[in-house]
2 protein chains.
Amino acid sequence: MTAPHTNVQKISEMASRHLSSLSVDCVVFGFHKNEMKVLLLKIPYKDEWALPGGFILRDESAENAASRILKERTGLDGVFLRQFHVFSDPGRVKPRDHRDNLTRMNIPENDIKWLCSRFVTIGFYALVDYTRAVPTPDEFTTRSEWRDLTDPGMLMMDHRVIVNTALDTLRLQLNNLPIGYNLLREKFTMPELQKLYETILGRKLDRRNFQRKILSYRILLRLDERKTGVAHKAPVLYRFDYDGYHRALEEGLKGGF
Amino acid sequence: MTAPHTNVQKISEMASRHLSSLSVDCVVFGFHKNEMKVLLLKIPYKDEWALPGGFILRDESAENAASRILKERTGLDGVFLRQFHVFSDPGRVKPRDHRDNLTRMNIPENDIKWLCSRFVTIGFYALVDYTRAVPTPDEFTTRSEWRDLTDPGMLMMDHRVIVNTALDTLRLQLNNLPIGYNLLREKFTMPELQKLYETILGRKLDRRNFQRKILSYRILLRLDERKTGVAHKAPVLYRFDYDGYHRALEEGLKGGF
DNA sequence: TCAAAAGTGTTCTAACTACACCCATGG
DNA sequence: CCATGGGTGTAGTTAGAACACTTTTGA
């Protein structure tokens with residue numbers, strides 16, 4: 001792109017009035033050992049974690065940006081991904097923090113002034129199979145880790161708020177989302193599925209009623225095998241009936257949890 | 001703001017890589033004569049309508065921008081307003097249309113180049129009392145009108161998609177939204193409230209079951225008066241019990257419609 | 001006086017809740 | 001061999017769907 005032939009002052013006015021620095025941040029949910037996990041990046045020289053995110057590139061949609069970032073951070077393609085909220089409060093970034101972040105990204109001092117005007121991010125949440133995702137740090141972070149959702153540590157900027165909002169959205173949309181399909185491995189047991197729902201909802205469910213209800217949706221295929229190497233009675237394995245699942249989700253799981 | 005002392009080429013790169021033109025568009029719902037209405041602005045010299053919207057100003061949040069615009073277009077303050085989706089598909093605006101719009105807004109030719117890179121909008125929906133809102137055109141449109149939701153006419157760009165997405169969201173969130181509280185006048189009859197729900201849902205509800213259900217939520221106060229000047233038996237007037245309503249909404253209207 | 005709309009009650013059914021019992025397994 | 005977790009069944013309660021009758025009013 002060639003520079004427009006206009007004076008710098010004019011551009012400055014336009015940029016400050018009409019342009020925003022626009023990014024996406026991904027809340028990547030996983031499920032492991034009966035715990036909900038979030039994928040976070042460690043900020044070097046600080047006891048803080050950040051959500052994987054980045055700028056939306058020219059000529060790509062926000063959805064595209066989010067799935068590109070996800071692929072980079074987890075190695076996964078075709079992940080379940082959905083936008084849930086825009087965070088645009090001018091106070092969401094302390095100018096000091098913002099400057100630090102941009103400096104870390106090797107953005108020249110002069111350009112930082114441009115980006116400091118407003119910093120809007122679109123929140124996405126993703127549901128991924130914990131066992132298949134490989135946490136991968138980016139060039140600005142030291143490492144990438146699955147952290148406990150309940151106790152992820154100190155989060156940068158308003159990222160804690162973003163995570164909480166994502167979780168609230170997840171709960172609200174629970175009955176219209178392919179939760180199990182994306183968060184569990186292909187084969188899973190009934191108690192595992194129940195634990196998943198309990199963890200997301202934050203409350204206990206009755207074992208027998210849960211089983212009856214979830215089976216009534218006709219979204220599960222009971223397999224002719226049982227989980228091996230477990231204590232006590234070996235539970236039966238299930239997998240999702242893809243067609244049935246998506247048919248049911250369009251209506252929403254009636255009654256719901 | 002003073003211009004940063006850097007060369008034009010550099011700014012151009014930064015802007016095109018990291019900055020977006022960011023706006024809000026409001027889908028303003030009203031309810032009148034058993035019809036859902038949307039507030040639209042007429043584009044001059046074209047047989048097209050547009051959603052009221054505008055750029056987010058420096059140092060204001062998207063929410064702020066939306067409620068500011070709403071105040072300008074309807075004269076209403078403290079309106080129920082909620083963001084529902086970001087539209088960022090690079091193909092959502094035909095470059096030709098975009099250029100026309102910006103030219104109409106008296107934005108100089110040179111600056112238009114900046115804004116053409118990407119054009120992202122945050123969709124908000126609003127629920128307002130039809131009888132109190134006064135449609136007010138902005139400086140770029142000839143008039144402002146309540147249009148039928150089912151047949152609003154030709155809409156500019158992807159605004160039809162935005163309206164449809166807003167309606168889908170409204171239906172999904174119906175049981176967690178103060179629908180009646182915001183769309184009806186202070187006093188209303190049970191049939192009016194039912195018609196509202198039926199219109200949003202797009203299907204008939206049983207008169208008697210609706211009444212029993214809505215009353216069981218304990219969100220209505222039955223008044224000691226009836227609607228006057230109507231044919232047939234005069235229906236009783238109700239108004240909302242504000243406290244009860246908001247208590248009930250936190251849980252969601254259980255069961256729902 | 002009658003058609004059309006509003007107010008109220010009843011019945012039937014399906015879904016949810018809360019349990020009790022038996023089975024399989026590893027320590 | 002027994003504690004623990006998994007599979008299945010049942011009774012009581014509640015919420016939802018379908019439906020009938022009476023009341024009020026303007027035309």
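Each chain gets a letter, A, B and so on, in the order the sequences are listed, and its residues count up from 1.
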In whole angstrom, give the distance that lies between atom [atom1] of [X] and atom [atom2] of [N].
{"X": "B:Q194", "N": "C:dA5", "atom1": "CD", "atom2": "P", "answer": "13 Å"}
{"X": "A:I214", "N": "D:dG7", "atom1": "CD1", "atom2": "C1'", "answer": "16 Å"}
{"X": "A:L205", "N": "D:dG6", "atom1": "CG", "atom2": "C1'", "answer": "17 Å"}
{"X": "B:L237", "N": "C:dA6", "atom1": "CG", "atom2": "C1'", "answer": "13 Å"}
{"X": "A:F210", "N": "C:dA15", "atom1": "CZ", "atom2": "P", "answer": "18 Å"}
{"X": "A:K204", "N": "C:dT17", "atom1": "NZ", "atom2": "C1'", "answer": "18 Å"}
{"X": "B:E225", "N": "C:dG7", "atom1": "CD", "atom2": "P", "answer": "14 Å"}
{"X": "B:K195", "N": "C:dA5", "atom1": "NZ", "atom2": "C1'", "answer": "12 Å"}

**Prompt:** Less than 4.5 Å apart, any side-chain heavy atom of A:L81 and any of A:E63?
**Reply:**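 No; the side chains remain at least 4.5 Å from each other.
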**Item:** Phosphate OP1/OP2 of D:dT8 contacted by A:Q211 side-chain N/O (<4.0 Å)
**Value:** yes
Please determine whether the number of non-hydrogen atoms from other residues, nucleotides or ligands lying under 6.0 Å from atom [atom1] of [X] exceeds 12.
{"X": "B:R218", "atom1": "CZ", "answer": "no"}
{"X": "B:R132", "atom1": "CZ", "answer": "no"}
{"X": "A:R171", "atom1": "CZ", "answer": "yes"}

**Message:** So if I apply the side-chain contact (heavy atoms from CB on, under 4.5 Å) rule between A:T165 and each of A:V163, A:V161, A:I162, which one comes out positive?
**Reply:**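 Between A:T165 and the candidates, side-chain contact (heavy atoms from CB on, under 4.5 Å) is satisfied uniquely by A:V161.
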**Complete:** With sugar-phosphate taken as primed atoms, P, OP1 and OP2 and all else as base, the protein-contact string of nucleotides 18-27 of chain D at under 4.0 Å (heavy atoms; B, S, -) is BBB--BBBS-
**Message:** Between B:E198 and B:K195, is the salt bridge (charged side-chain N to carboxylate O under 4.0 Å, His left out) condition met? List the steps.
**Reply:** CA-CA 5 Å; B:E198 286 181 342; B:K195 274 285 172 212; 3.7 Å; yes
